[in-house]
Amino acid sequence: MRTHRNGDLRADHVGREVALCGWVARRRDHGGVAFIDLRDASGVVQVVIHDEAVAHPLRSEFCLRIEGTVRRRPEGNDNPNLATGQVEVEAASVEVLSESAVLPFPIEEHEATPVTDEVRYRHRYLDLRRPGSAAALRLRSDVNQAARSVLLAEGFVEVETPTLTRSTPEGARDFVVPARLQPGSWYALPQSPQLFKQLLMVAGLERYFQIARCYRDEDFRADRQPEFTQLDIEMSFVVEDDVIALGERIVVALWRLVGHEIALPIPRITYADAMRRYGSDKPDLRFGVELVDCTDYFAHTTFRVFQAAHVGAVVMPGGASQTRKQLDGWQDWAKARGAKGLAYVLVDGDGELGGPVAKNLTDAERDGLAAHVGAAPGDAIFFGAGPVRSTLALLGAARNEIGRRCDLIDDDAWAFTWVVDAPLFEPTSETDDVAVGAGAWTAVHHAFTSPKPECLDTFDTDPGSALAYAYDIVCNGNEIGGGSIRIHQRDVQARVFEVMGLGEAEAEEKFGFLLEAFRYGAPPHGGIAFGWDRVCALLAGTPSIREVIAFPKTGGGMDPLTGAPAPITAGQRKEAGIDAVPEADSGA
RNA sequence: GGUCCCGUGGUGCAGUUUGGAGUGCACGCCGGCCUGUCAAGCCGGAGGUCGCGGGUUCAAAUCCCGUCGGGACCGCCA
């Protein structure tokens with residue numbers, strides 16, 4: 001149908017008879033001579049039409065086939081902004097393959113006329129005609145290819161696992177699907193292929209991967225969709241360093257796609273250090289600014305607010321010059337996060353302390369404070385006081401906010417780190433009260449994560465101190481992947497379930513198939529899963545994963561294009577067996 | 001479940017604080033003119049339930065209440 005791709009035409013095609021296809025990106029009709037920018041997937045080339053009767057009816061986004069001759073553009077008429085700007089195609093014939101209705105929004109986007117995301121996604125097939133939008137999907141394709149190349153070269157097997165599976169009590173709410181043939185019974189869509197990939201290890205595949213669609217019925221964010229994709233990987237006969245090394249080989253290959261060479265090895269930080277120094281399990285290491293523990297410093301303080309389980313501080317460089325309004329803004333910012341406020345002390349140019357908190361401190365406390373937290377004259381010191389975890393989290397969020405407001409973050413930087421040695425369990429309750437009873441613990445990673453070898457004997461008697469054989473990879477403050485060495489011994493798995501308050505009978509009912517499989521010589525194994533949408537969004541340089549998803553959903557879980565979800569007919573309801581009344585004893 | 005922002009011809013905005021005729025800007029659309037443009041240009045024109053419902057008022061895009069939709073955040077998301 002065509003002889004060339006529009007964007008490929010160059011000066012050395014001059015004189016060539018060509019047939020081109022594409023869409024009318026823009027037309028400039030001078031009445032007698034008209035110029036059509038003809039766009040296809042490869043780019044744009046200018047077509048010249050001298051027959052006004054042919055050119056006049058053409059409109060934006062008409063789909064055309066053109067036969068003509070490639071010509072050097074007349075002297076002085078080159079367009080250096082186009083790859084094809086040295087040439088043009090003199091049309092001998094113009095065939096309208098398909099007319100276009102008036103567009104709901106301009107395809108050719110100018111900076112002056114952006115289009116809101118909802119409109120773009122409702123007509124995503126038009127949005128994707130835009131080179132910028134399409135580039136994100138093309139990049140994603142390249143990212144998939146790069147990951148496959150690394151994994152296939154290392155002997156991994158790509159396996160598809162079911163998307164109609166069994167509801168298991170993991171972290172998130174399941175999407176469920178009625179089973180027509182067994183009314184009252186339901187499939188669940190997988191939150192991840194976790195259990196299946198472990199079974200594949202029992203099956204002896206040794207090295208598995210899958211670009212896997214996962215489903216979680218939770219509320220959405222800019223970086224969260226109800227269905228999302230993981231690069232899911234599992235390996236047998238490995239230790240943590242083996243999986244981390246593989247993960248590094250993958251991210252190196254991915255970031256090469258955008259011209260960045262990641263220095264190896266990627267640094268590691270323990271979960272405890274990440275929380276202590278950055279107040280986050282996914283610290284943004286593109287900038288400094290660390291939290292300072294002031295708990296001991298204020299151990300004997302008379303200031304009521306600082307008589308707390310944890311007192312911490314974070315310094316805002318130059319923050320003392322903030323206006324009253326800006327300082328009040330921080331209070332609102334903290335309250336929006338559920339904190340009472342954000343105490344602060346300002347260090348003036350002479351090193352004198354100011355602000356409402358300063359007068360509540362003793363002379364001794366004031367004298368050493370700036371030195372203790374590392375504040376210089378002109379800085380502001382923000383304090384958090386309260387339960388350890390929530391206080392560190394608040395200070396960590398404040399640190400990120402300081403990074404933004406003080407413009408400390410280099411947008412072109414890539415800062416990777418592994419966060420290792422996360423706790424195996426965390427208390428179910430919000431408080432830091434350690435005296436919670438058994439069953440009040442939940443897995444930080446997931447229920448199949450092995451305790452570190454040194455915790456194997458003690459993790460169930462002292463769950464709070466047990467460390468997980470787990471690792472997360474963090475890029476610029478985003479968790480882009482995480483994994484663990486799994487439990488492969490049936491008795492260890494049972495003890496973990498016990499700590500979580502999952503009794504033998506219930507464990508048997510929910511995970512019986514896995515425990516059964518582990519009876520037959522399960523190999524030690526571990527793996528990792530990358531949040532593929534986030535990885536692609538980072539590489540594409542976009543803040544929202546929607547840009548790297550072909551047909552994304554809105555925050556309400558709606559597909560603005562198809563209108564899903566939508567009501568079904570009474571007939572469909574009946575056939576699906578949705579309204580079947582469960583047996584009284586079927587559990588809930 | 002909670003907080004905040006947005007909703008005005010097809011698109012993107014301004015107008016809302018301080019109520020006074022659907023007022024304005026840019027793009028697009030339709031018609032005309034135009035033989036070297038490249039965001040072509042010039043002239044003319046069409047196009048509106050100011051998201052929806054209720055209230056206050058002589059009068060509501062504007063103020064109040066509710067609701068729907070979109071976005072961001074907290075909770076939640078192993």
Side-chain angles (χ1 to χ4, degrees), chain A residues 25-37 44-52 55-56 59-61 71 73-82 84-85 88 90 100-123 126 168-174 191-192 194 214-226 228 332-339 390 393-394 397 401 422-426 428 430 441-449 468 470 472 479 482-484 496 500 529 531 543-544 546 553-556 558 560:
Chain A
R26 216 183 286 281
R27 96 200 129 98
R28 296 173 293 279
D29 187 343
H30 291 239
V33 63
F35 304 94
I36 300 289
D37 289 342
V44 166
V45 71
Q46 174 165 282
V47 175
V48 186
I49 302 171
H50 276 98
D51 185 341
E52 177 65 11
H56 192 259
R59 292 293 183 271
S60 288
E61 299 305 317
R71 272 198 329 212
R73 289 196 185 195
E75 185 69 28
N77 280 347
D78 286 8
N79 184 346
N81 299 319
L82 290 181
T84 59
E88 61 191 8
E90 174 70 32
S100 171
V102 174
L103 297 162
F105 61 87
I107 303 293
E108 297 293 314
E109 187 173 30
H110 311 146
E111 283 179 26
T113 60
V115 178
T116 53
D117 292 345
E118 190 194 358
V119 176
R120 289 174 49 214
Y121 294 140
R122 181 172 299 140
H123 303 276
L126 294 178
T168 52
E170 296 175 76
R173 195 176 294 118
D174 283 321
Q191 297 178 23
S192 80
Q194 181 62 36
C214 307
Y215 307 85
R216 292 177 192 173
D217 188 5
E218 297 291 342
D219 291 351
F220 316 131
R221 294 285 174 77
D223 61 348
R224 241 190 271 159
Q225 289 264 298
F228 61 98
D332 296 336
W333 173 89
K335 283 171 187 162
R337 236 148 254 276
S390 59
L394 177 69
E401 194 65 22
L424 188 59
F425 302 108
E426 63 185 359
T428 315
E430 298 268 345
W441 298 89
T442 178
V444 172
H445 196 65
H446 58 55
F448 315 104
T449 297
D472 285 346
E479 183 197 325
S484 64
V496 167
M500 295 171 61
S544 172
R546 291 179 185 130
K553 290 177 176 59
T554 67
M558 294 274 297

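Heavy-atom basis, side chains included; hydrogens, waters and symmetry copies ignored. Throughout, a chain's letter reflects where its sequence line sits, starting with A, and its residues are numbered from 1.
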## Note on the structure
Taking B:C38, B:G70, B:C77 as options, the one with an atom nearest any side-chain atom of A:D37 is B:C38
### Task
Assess whether one donor atom and one acceptor atom, taken from the side chain of A:R120 and the base of B:G12, lie less than 3.5 Å apart.
no
### Donor/acceptor link under 3.5 angstrom from A:R224 side chain onto base of B:C76
yes
### Task
Pick the P atom in B:G20 and in B:C64, then give their distance to the nearest Å.
15 Å
### Task
Using whole Å, report how far CZ of A:R173 lies from P of B:G1.
10 Å
### Query
Is any N or O donor-acceptor pair between the side chain of A:R337 and the base of B:C74 shorter than 3.5 Å?
no
#### Entry: Under 5.5 Å and under 30°: A:F35 stacked on B:U37
yes
### Same-atom distance (P) from B:G31 to B:U17, integer angstrom
41 Å
#### Entry: Partner nucleotide, any strand, of B:C13 [Watson-Crick/G-U, under 3.5 Å]
B:G24
### Message
For a quick check of understanding: with a heavy-atom distance under 4.0 Å over all strands, which category does A:P74 fall into, base, sugar-phosphate or nothing?
### Response
base
### Query
Does A:S60 have a side-chain nitrogen or oxygen under 4.0 Å from the phosphate oxygens OP1 or OP2 of B:C29?
yes
### Message
Between B:G36 and A:E88, counting only base atoms on the nucleotide and side-chain atoms on the residue, is there a donor-acceptor pair under 3.5 Å?
### Response
yes
### Query
P atom, B:A21 versus B:G32: distance in rounded Å?
37 Å
### Message
Strictly below 4.0 Å, N to O, side chains only: are A:D37 and A:R28 in salt-bridge contact?
### Response
yes
### Query
Within the modelled atom types, does a donor on one side and an acceptor on the other bring the side chain of A:D117 and the base of B:G71 under 3.5 Å apart?
no
### Message
Measure NE2/A:H30 against C1'/B:C42 and give the value in whole Å, please.
### Response
12 Å
### Task
Take atom C1' in B:G15 and the same atom in B:G22, then report the distance between them in whole Å.
11 Å
### Query
Phosphate oxygens OP1/OP2 of B:G12: is one of them under 4.0 Å from a side-chain N or O of A:T116?
yes
#### Entry: Candidate nucleotides B:G70, B:C77, B:C73, ranked by approach to the side chain of A:A222 - the nearest
B:C73
### Query
Any donor-acceptor pair under 3.5 Å between the side chain of A:R73 and the base of B:C38?
yes
### Task
Look at the side chain of A:E52 and the base of B:U35, then say whether one donor and one acceptor between them are separated by less than 3.5 Å.
no
## Note on the structure
Regarding the side chain of A:R546, the nearest nucleotide among B:A72, B:C30, B:C38 is B:A72
### Message
Please confirm whether the shortest side-chain N or O distance from A:R59 to OP1 or OP2 of B:C30 is below 4.0 Å.
### Response
yes
### No-H, no-angle donor-acceptor pair, A:R122 side chain to B:G70 base, under 3.5 Å
no
### Nearest-nucleotide pick for A:E218, side chain only, options being B:C76, B:G31, B:C38
B:C76
### Separation between the P atoms of B:G9 and B:U67, rounded to whole Å
24 Å
